[in-house]
Structures are given as C-alpha cells and as structure tokens.
Amino acid sequence: MQSNAMRGNGGPRYRHSVAESAPYETIRVDKLTPIIGAEIDGIDLSRPLTNRQQDELHRALAENLVIFFRDQAITPDQHVAFGRLFGDLHVHPAAPHEPGRPELMIIHADKDSPRANGEGWHTDVSCDVEPPMGSILYIKTCPPKGGDTLFASMYAAYEALSDRMKAYLEGLTAIHDGEQVYRGLYANHGVVDKASYPRAEHPVVRTHPVTGRKGLYVNRGFTRGLVGVPRDESEGILRYLYEHMENPLFQCRFRWRANSLAFWDNRCAQHRAMWDYWPHTRSGNRVTVAGDKPF
Ligand code: SIN
C-alpha cells in the first residue's frame with residue numbers, strides 16, 4: 001500500500017493507492033472506501049472458526065482498519081470467545097460491565113442518559129501504558145434512525161501531513177490521561193470512582209506492530225499535551241492535528257442494524273459515536289482486546 005500527500009490551495013489532498021490485495025478464500029470483503037472500512041460476509045461468528053478464517057480476518061483487519069459483520073446472532077460467551085481469538089482481553093478501567101463479566105463492557109444510551117459513550121473522536125483507553133489493540137462492538141438494540149459510528153484512518157492522516165510537519169513530530173511524545181475523562185463519567189450507571197485512573201506517555205507518531213505503517217497517535221479524548229513543548233505551542237499543534245485528522249477523506253461511517261458487529265484496530269484508527277437518536281435506545285456490548293506499548 002503506497003500513499004503520498006500533496007498540499008494545494010484547497011487544503012490537504014491525499015493520494016492513496018491501494019496495492020491489489022490477494023484474494024480471500026473463506027470470506028468476502030467489501031470495502032466501504034479505498035482508505036478505511038470493509039464489510040465481511042460469508043462467515044458465522046457463532047460457529048468455531050477455522051485457522052484459515054482466522055488468518056483471513058486478521059488480514060482483513062490489517063488491510064481495512066475496521067471490519068463490519070451483519071446479522072450475527074451471537075451469545076455473550078461467543079462474543080468473548082471471538083475476542084480471545086485475537087489476544088488476551090482488556091478490562092476497562094472505568095466503564096460499567098455486565099454483572100460478573102468485566103470483559104463485557106456495556107454500551108447503552110436511552111431517553112434517561114445524560115450522554116452516550118464515545119461521542120468525541122478518540123482511541124479507546126489510550127491513557128493505558130499498554131492501550132487496547134482492538135475493540136469489538138456488538139449492537140443488539142438499534143434506534144430507528146441514527147446511532148452511526150464514524151471511523152478515521154490515522155495512517156491516512158499521518159501520510160497526508162507535509163514533510164515539514166512529519167519532521168517536526170518525529171520523536172515527540174504526548175501525555176494521555178484518563179483522570180479528566182473517567183472521573184464521574186459513569187455515575188449514572190452507579191459506577192463508584194477509583195482513587196486514580198491510568199496516565200501514560202506515548203509517541204505522537206506510532207508504528208503499527210503488524211503492518212509497519214506509521215500513524216498519528218494523539219486524540220481529543222485523552223491527549224493532554226506534547227512533552228517538552230511550551231504549552232501554547234503544544235495546544236496549537238494538537239489543535240491543528242485534530243482538525244487535520246477529522247478530514248472526511250480519511251473516514252468511513254457505519255450504519256448499524258440490530259446484530260451488527262464492528263471490530264476496529266485502535267492502533268491505527270480513531271472513532272466517534274453519533275448520539276443523534278434521543279429519546280430512542282441503542283444498546284450492546286464491547287469486548288476489548290489487549291494491546292502492547294506503542295513505539
Ligand atoms: C465506543 O467508543 O466504544 C463506542 C462506540 C459506539 O458506541 O459506536
């Protein structure tokens with residue numbers, strides 16, 4: 001996969017050319033855009049998956065950053081088992097979970113909710129020293145309209161930066177802090193706050209451990225500032241990067257139906273959930289796969 005960026009009068013123009021992917025044998029992969037997102041068909045996640053199917057799902061995720069499945073009737077145990085195919089499971093430091101099942105995070109908003117999960121652009125739990133590699137969201141109850149999730153490629157956002165900006169960001173790190181995000185956030189779910197929440201320092205440009213591609217790794221949700229950079233400069237640079245990475249050119253948008261499932265790679269994609277369906281209910285579970293220390 002090769003890309004380059006050109007900057008003209010109209011802002012960043014991203015030239016993206018996708019290397020021809022080898023054919024898949026056990027699944028069908030229907031890309032939503034050339035840059036990010038694909039629907040996967042021809043697979044039943046309630047049944048044990050062959051090694052070949054698992055390998056092809058890994059490849060589809062690496063090539064598309066987020067993959068979507070429709071009409072999957074899976075139990076909570078099958079959801080958890082699917083997550084375990086990709087690694088150990090991550091337990092969220094703050095969010096509510098199903099009773100006795102810390103690995104099954106609750107994603108729920110209804111007419112009485114003060115907010116919905118993930119309403120701003122973010123990478124899941126980037127405040128962890130080892131942030132989650134991926135998240136697998138299964139939505140069981142959908143509003144009649146709305147409740148889409150947007151995803152953005154941080155590879156594309158990085159590749160579309162000018163060479164000067166890439167050189168400036170090289171070697172920089174940023175602080176990601178859960179304290180201001182999580183304290184009090186889930187009080188409406190009856191969650192009692194912890195004494196402290198995770199905080200970590202990560203590279204601003206992250207290399208994906210599987211694809212070797214570089215992507216931006218700062219987000220509006222958790223990133224508090226660039227390390228070793230004056231505060232006003234840090235705020236200016238981060239503001240620029242956030243506006244840049246929100247260019248629709250780098251995005252896809254997924255319209256949920258009941259029993260759809262999305263699996264996104266937090267190492268190279270950000271996402272944002274739309275809460276445009278009040279007073280309707282949107283509800284499901286997220287299983288999160290553990291990751292490693294960004295480099
Ligand atoms: C999340 O950030 O995990 C929630 C995403 C969504 O509800 O679409």
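Counting starts at 1 for both ligands and their atoms, following the listed order.
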Find all atoms of ligand 1 within a distance of less than 4.0 Å from any non-hydrogen atom belonging to Thr149, and give their numbers and elements.
-> 6 (C), 8 (O)
Give the numbers and elements of all ligand 1 atoms closer than 4.0 Å to a heavy atom of His271.
-> 1 (C), 2 (O), 3 (O)
Checking heavy atoms under 4.0 Å, the part of Ile139 that sits near ligand 1 is neither
Is any side-chain heavy atom of Cys268 less than 4.5 Å from a side-chain heavy atom of Thr211?
-> no
Go through ligand 1 atom by atom and flag the ones less than 4.0 Å from a non-hydrogen atom of Trp264.
-> 3 (O)
Lys/Arg-Asp/Glu bridge criterion (N-O < 4.0 Å) met for Glu179, Arg199 | no
Enumerated ligand 1 atoms positioned under 4.0 Å from heavy atoms of Ile107 | 7 (O)
List every atom of ligand 1 that sits less than 4.0 Å from any heavy atom of Gly118, numbering the atoms from 1 in the order shown and giving each element.
-> 2 (O)
Among all protein heavy atoms, pick out the one at the shortest distance from atom 7 (O) of ligand 1; state its residue, atom name and that distance to 0.1 Å.
-> Arg282 NH1, 2.8 Å
Pairing of Glu103 and Arg101 as salt bridge, 4.0 angstrom limit | yes
Indicate whether any N or O donor in one side chain lies under 3.5 Å from an N or O acceptor in the other, for Thr123 and Asn266.
-> no
Would Lys214 and Glu170 pass as an ion pair if we require N to O under 4.0 Å?
-> yes
Is the closest side-chain heavy-atom distance between Leu161 and Leu169 below 4.5 Å?
-> yes
For residues Trp264 and Phe151, establish whether the separation of their ring centroids is below 6.0 Å.
-> yes
So the atoms of ligand 1 within less than 4.0 Å of a heavy atom of His122 turn out to be 2 (O)
Taking only non-hydrogen atoms of Arg286 and a 4.0 Å limit, the atoms of ligand 1 in range are 1 (C), 3 (O)
Which ligand 1 atoms does Leu137 reach within 4.0 Å, using its non-hydrogen atoms?
-> 5 (C), 6 (C), 7 (O), 8 (O)
